[in-house]
Amino acid sequence: LHMLGYASQWETDLRLWRYAVHLGPYTPRSRLFLGVAEKDQAWRHRAAGEDSLMRFHLERAADAFHKCLVLTHPADAIHWKATNNLGGLYWETGQYAQAAPLFEAAWRADPYSPDYAVNMGNLAYWRQDWTQAGWYYRRALELSPHHPAARRNRVQLQNLLDQPAP
């Protein structure tokens, strides 16, 4: 795909992923990336203030992630990427309790993923376990020193801890 100049288009084009799923409805990787593309589309609609379209694409993203989970075995890394993405979808819509077990399961399956470590840090932060949140953000940075979310969240945590108590 890179040679043909389509790589970036495939990464972001919702229509292409829908077509890929149409051609191979039982291919979990296509379902995973369709879910990611639907989620990205939802956030574009949110930024434009189009709440009904945002909800529509969020539902489609969740459906794609659920179907990917059905199509994969827990020994497959795609299974845990779908699990983590579904948790992220819940997290980003304020459904923290639904996101927690998904993040925890993905982390248990692959404790070497910086993305999973960041999500565990976010979960610890939400639970106000500052020590654990800091550990997960540091772990994410050990695994990927330039991880933007880990760096940003670690700074946010440090700023919170540096503030005097009310």
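Just so you know, these numbers use all the heavy atoms, side chains as well, and skip hydrogens, waters and symmetry mates. Please read all numbers here as calculations on a predicted model, not as lab measurements.
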Mind listing the side-chain donor-acceptor pairs of residues 129-136 below 3.5 Å, one per line with the distance, residues two or more places apart or on another chain?
| unit_1 | atom_1 | unit_2 | atom_2 | d |
| --- | --- | --- | --- | --- |
| Asp129 | OD1 | Gln132 | N | 3.2 |

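- Listed by chain and residue number, nothing satisfies the side-chain hydrogen bond (donor to acceptor under 3.5 Å, both in side chains) test with Ser113 (two or more places apart in sequence, or in another chain).
- When the salt bridge (Lys or Arg N to Asp or Glu O under 4.0 Å) test is applied to Arg55, no partner is found at least two apart in sequence or on another chain.
- Under the 4.5 Å side-chain heavy-atom criterion for grouping Ile, Leu, Val, Met, Phe, Trp and Tyr, Val70 is not connected to Leu86 through any hydrophobic cluster.
- Criterion: ILVMFWY side-chain heavy atoms under 4.5 Å apart, direct or through other members. Under it, Tyr116 and Val36 are not part of a common hydrophobic cluster.
- The minimum heavy-atom distance between Trp80 and Pro74, with the atom names listed, is NE1-O, 2.5 Å.
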Which atom pairs, one a donor and one an acceptor, fall under 3.5 Å between side chains of residues 139-150 and the rest of the protein, sequence neighbours left out?
| unit_1 | atom_1 | unit_2 | atom_2 | d |
| --- | --- | --- | --- | --- |
| Arg139 | NH1 | Glu142 | OE1 | 3.4 |
| His146 | ND1 | Arg151 | NH1 | 3.4 |
| His147 | ND1 | Ala149 | N | 3.4 |
| His147 | ND1 | Ala150 | N | 3.3 |
| His147 | NE2 | Asp115 | OD1 | 2.6 |

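- Annotation: salt bridge (Lys or Arg N to Asp or Glu O under 4.0 Å) contacts of Asp76 (sequence neighbours excluded): none.
- By the side chain to side chain contact (heavy atoms under 4.5 Å, CB included) test, Gln158 pairs with Asp162, sequence neighbours left out.
- With a 4.5 Å cut-off on side-chain heavy atoms, Asn122 and Val118 count as touching.
- A salt bridge does not link Arg44 to Glu50: none of the charged nitrogens lies less than 4.0 Å from a carboxylate oxygen.
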Indicate every side-chain donor-acceptor pair of residues 87-94 with a distance under 3.5 Å to a residue at least two apart or in another chain.
| unit_1 | atom_1 | unit_2 | atom_2 | d |
| --- | --- | --- | --- | --- |
| Glu92 | OE1 | Trp43 | NE1 | 3.1 |
| Thr93 | OG1 | Leu89 | O | 3.0 |
| Thr93 | OG1 | Tyr90 | O | 3.0 |
| Thr93 | OG1 | Gln95 | NE2 | 2.9 |

Under 3.5 Å, side-chain donor or acceptor atoms of residues 101-112 against the rest of the protein: list the pairs with distances, not counting sequence neighbours.
| unit_1 | atom_1 | unit_2 | atom_2 | d |
| --- | --- | --- | --- | --- |
| Glu104 | OE2 | Arg127 | NH1 | 3.1 |
| Glu104 | OE2 | Arg127 | NH2 | 3.1 |
| Asp110 | OD1 | Tyr112 | N | 3.1 |

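- For residues 49-70, the set of pairs meeting the ring-ring contact (aromatic ring centres under 6.0 Å, His included) definition, not counting sequence neighbours, comprises His45-His57.
- Atom CG of Asn119 and atom CG of Asn84 lie 4.5 Å apart (nearest 0.5 Å).
- With sequence neighbours excluded, no residue forms a side-chain hydrogen bond (donor to acceptor under 3.5 Å, both in side chains) with Arg46.
- Interatomic distance, CG of Asp63 versus CG of Leu58, reported as 12.5 Å (0.5 Å rounding).
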Tabulate below the donor-acceptor pairs under 3.5 Å that side-chain atoms of residues 26-35 make, not counting sequence neighbours, or state none.
| unit_1 | atom_1 | unit_2 | atom_2 | d |
| --- | --- | --- | --- | --- |
| Thr27 | OG1 | Gly24 | O | 2.6 |
| Thr27 | OG1 | Ser30 | OG | 3.2 |
| Arg31 | NE | Pro25 | O | 3.4 |
| Arg31 | NH2 | Pro25 | O | 3.2 |

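- Rounding to the nearest 0.5 angstrom, the gap separating the CG atom in Leu160 from the CD atom in Gln156 is 8.0 Å.
- Closest non-hydrogen pair, Leu123 versus Ala100, comes out as CD1-CB, 3.5 Å.
- Partners of His79 under the ring pair (Phe, Tyr, Trp, His ring centres under 6.0 Å) rule, at least two apart in sequence or in another chain, do not exist in this structure.
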